[in-house]
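Below is one structure; the comments refer to it alone.
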Amino acid sequence: CDIRNLGYEEKRELLATIKQARAFITAMVFQDGSSQLNSEQVLTSSVKGIVVLVKSQTKCLCSPSNSSPAYTWDACNQNDKLIYLKTEWSALWKQEDTHKKYVGQILFQMLHCKVPVICFNAKDFLRTLLAVYGSEISWKQVADSVVLDPRIAAWLINPSDTVPSFECLIQKYFEKSFSMRKVSTNTGFLRNALYQNVGLHLEKLYNAMMDLAHDLQVQGLWKVFCTLELPLIKILAVMETHKIHVNKQELKKTSEILGMRLKELEQEAHQVAGEQFLVTSSSQLREVLFEKLKLHTLCEKIPKTEIQQVESTSEAVLNKLQDLHPLPKIILEYRQVHKIKSTYVDGLLTCMKKGFISSTWNQTGTATGRLSAKHPNIQGISKHPVRIIKKQYIKGKEEEIITISPRTFFVSNKGYTFLAADFSHIELRILADLSSDPELLKLFQEPETTDIFTTLASQWKGIPSEQVKQADREQAKRMVYSVVYGAGKERLAECLGTTTLQASQFIDSFMQKYKKVHEFTKMTIEQCRNKGYVVSIMGRKRPLANINAQDYKLRTQAERQAVNFVVQGSAADLCKMAMVEIFTSVVISPTLTARLVINDYKMF
DNA sequence: TGTCGGACGCTACG
DNA sequence: CGTAGCGTCC
C-alpha cells in the first residue's frame, strides 16, 4: 500500500503492525525509476522513496520447506505487507510535512524495535536515512538498529568475488531459479506493477538472506558476520555522513607551487637528456634511458615489467641508475612531486564539496577482510612530509625550502582536535602470536621503551642495540613485511635495493633465527592444500583454488596469498573489533558526544 | 578528427 | 599481497 492514502486509524494500525513485525526487507527507489536492486547502480539519481516488505512471520514458521520459490510476494504470505514510503517532497505543503513526519515515525520505529532490517547495500540505506531524516533520526538510533546485508554475507563466504549487484547475487544463489524479468522504466509501466516487481525482488532478497545465513552458520562465519561486519555497516554509514573540512586556499596555493617546481624539473630533465620528451611517460623515459643513453649496459640487470617484459623505470631501478647519469635523480624528484600534486592536492580538490570531503567506504572490496576507501582514498594519503624547493623571483632571498605534509590539509572543527590511534606493529605481533616463535615473542615482553625494529635488528644480527644503524633497522622492518607479504628473494632484493643473492641470504638467516616463523608459513600452506582455504584469527575465510594447481606460478602465488591472508586478515579482524568496541562505547557514553572518523588502521 | 575505455606502469597506504 | 588513483598509449 502507498501510505499517503491512509487515514488516521489506518496509520495507527500500520505503526502497530510495524512494532510487531518480525523482519523488514527494504530497497530504495530512485528518481529515474531504478532501485537498489537494479544492476545499474546509479548514485547520481536521488532517492524518491523506500519500499519496505514487512514480514509478520519468519520464514521457518510459515514455510519450512522452500522447494517452490515464491512467484508473487503476496501469494506466499498473506500477512506480509508491502509499503511504499515517499521520501521526496516538492512543496512545503502542510500535508507534505505531516507525511514526512509519519514516514520518519515509521523508519524510526523500524530501527528502534530491533527487528532485522534486510537490505542490499544497507550502508547506503542508512546513510540516506541520516541525510533525509537527520533531525528525526540521529546516528545513535542508527547505531541501535539491527541491519543485515546479504551482499556482505556473500562476500564473507567468498571474499574473492565482490557480488556487483543484486541480480548477480540471485543468479549465484538461485541458479536453478528463473531468470529475472527486467523492469523497463522507459515504457509506460504501471506504477503498481513496478512496486509489485520490487516486492517480488524483496521476497527473493529475503530468501537469499535466509540461505546465506544458513551457509554462514555451516561455514563457521556467523560470529564474524554478527559481531564484526554487521555492526560495521552502521559505523561506516555514520562515518560517511560526517564531513571533514579541508583547507582549500592552502590546497590551491600548494598546487601552484608544485606546478612551478614540476616545470623546472621538466626543463632540467630535457636538458640532461638532450631532447624533449614527456617526463610522465614511462615508455618515453625508457627510450631515453636505455635506447639513447644505454644506461643498462653500465650496471647489473634491469628488472623487467610484468606484462610487456621491457626494462622497468620504477623507483628501485632509478635508484640504482642515479650515479651513472643526472637524469634518474631528476625523474625521481619529478615523480614524487607529481604524485603529491596530482593525487593529494588536485585530486583532493576534485573530491571537495562545499569545502568538505567525505570518503566512501567499501566493506566488500578486498579479499583480505580490510576496508577500502575512495573519493578520496583517505587510507592512501601520504604520511611523510616532502620538501619542495620554491624559487622566489621577488626581492629578497632567491629560494626557500618548504615542506608539504598532505595530512595537514585536513582541519578539525573549532574546539575539537583529531585523535589518531593505531595498533603498534600489529602484523608483527600477529606473526609472533601465530607462529609462537619464542624469539619473536620476547620482543614484545620487553617494555616498549626501545624501537621494536631496532631491537629486532639487534636480535637478528646478534649485535648490541646501540650499534644498530638506521640502515639495519630499515632492513629488519622490510624483511618482516616481506615475510608477512610472502615476498620471494627477487621482490625482497628490489625492496631492499640489494642483489638477489644477498636478499636470499637475508631470508635464510632470518628463517634460521626465527625458525617457528618458517614453520608457520609451511603449516599454513599445508593446511590450505588440505582444506582448500585459509582462516584468520576470528574465522574469516579465503578459498584459494590455485593452491593445488599444476602451474608453478599460479600455485606459488596462492601460497603467498595464503600466508598473507592469515596475517593481513587477522589484522583486519582486530582493527574491526576495535572500531566496533570504540563505537559502542561512544554510543552509550553520555559524555563522549564527538563523532568518529575512523580510518582502517587509524582513528582520527 | 576527437573521445572513450581497456591495458599497462608506477607508487602512496597498510 | 592487495587496495586506490594518477598517468600514458592504443
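Proteins come first, then strands; the chains are lettered A, B, ... in the order of their sequence lines, and each starts at number 1.
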Can you check nucleotides 5-8 of chain B for protein contacts, nitrogen or oxygen pairs under 3.5 Å, and list what you find?
none

Carefully, step by step, assess Glu581(A) and Thr584(A) under the rule side-chain contact (heavy atoms from CB on, under 4.5 Å).
-> CA-CA 5 Å; Glu581(A) 278 184 36; Thr584(A) 306; 5.6 Å; no

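Less than 4.0 Å separates DNA chain B from at least one heavy atom of each of the following residues of residues 312-349 of chain A: Ser312(A), Thr313(A), Ser314(A), Glu315(A), Arg335(A), Lys339(A), Tyr344(A).
Under a 4.0 Å N-O distance rule, the pair Glu333(A)/Arg261(A) qualifies as a salt bridge. The residues Glu439(A) and Lys513(A) are annotated as salt-bridged, a charged nitrogen and a carboxylate oxygen being separated by less than 4.0 angstrom. Lys515(A) has no carboxylate O lying under 4.0 Å from a charged side-chain N of Asp437(A), or vice versa, which leaves the two without a salt bridge. Using a 4.0 Å cut-off between charged nitrogen and carboxylate oxygen, Glu519(A) and Lys522(A) do not count as a salt-bridge pair. A salt bridge is defined here as a Lys NZ or Arg NE, NH1 or NH2 lying under 4.0 Å from an Asp or Glu carboxylate O, and Arg335(A) with Glu315(A) fails to meet this definition.
Under the 6.0 Å cut-off for aromatic ring centres, His425(A) and Phe444(A) do not qualify, their centroids lying 6.0 Å or more apart.
Between the C1' atom of dC10(B) and the CD atom of Gln284(A) lies a distance of 16 Å, rounded to the nearest Å. If you measure from atom CZ of Arg542(A) to atom P of dT3(C), you get 7 Å, rounded to the nearest angstrom. Atom CD1 in Ile357(A) sits about 15 Å away from atom C1' in dG5(C), given to the nearest Å. Atom CD1 of Ile378(A) is separated from atom P of dG5(C) by 12 Å (rounded to the nearest Å). Rounded to whole Å, the distance from CD on Gln379(A) to P on dC13(B) is 12 Å. Distance CG (Asn377(A)) to C1' (dG2(C)): 12 Å, rounded to an integer number of Å. One can place CG of Leu258(A) at 15 Å from P of dC6(C), the figure rounded to the nearest angstrom. Atom-to-atom, CD of Gln557(A) to C1' of dC1(C) comes out at 9 Å; the value is rounded to the nearest Å.
Between dC9(C), dG14(B), dT3(C), one nucleotide has an atom nearer to the side chain of Ala367(A) than all others, and that is dT3(C). Among dG14(B), dC10(B), dT3(C), the nucleotide with an atom closest to any side-chain atom of Lys383(A) is dG14(B). Listed nucleotides dA12(B), dC9(C), dG2(C) differ in distance to Ser283(A); the shortest reach to its side chain belongs to dC9(C).
Under the 30°/60° scheme for interplanar angles, the aromatic rings of Tyr514(A) and Phe510(A) are found to be tilted.
A sub-4.0 Å separation between OP1 or OP2 of dG14(B) and a side-chain N or O of Arg370(A) is absent. Under 4.0 angstrom from either OP1 or OP2 of dG2(C) there lies no side-chain N or O belonging to Thr368(A).
Donor-acceptor pairing under 3.5 Å, judged by distance alone, is present between the side chain of Gln568(A) and the base of dG14(B).
In the model, Ser358(A) has no side-chain atom that pairs as donor or acceptor with a side-chain atom of Arg127(A) under 3.5 Å.
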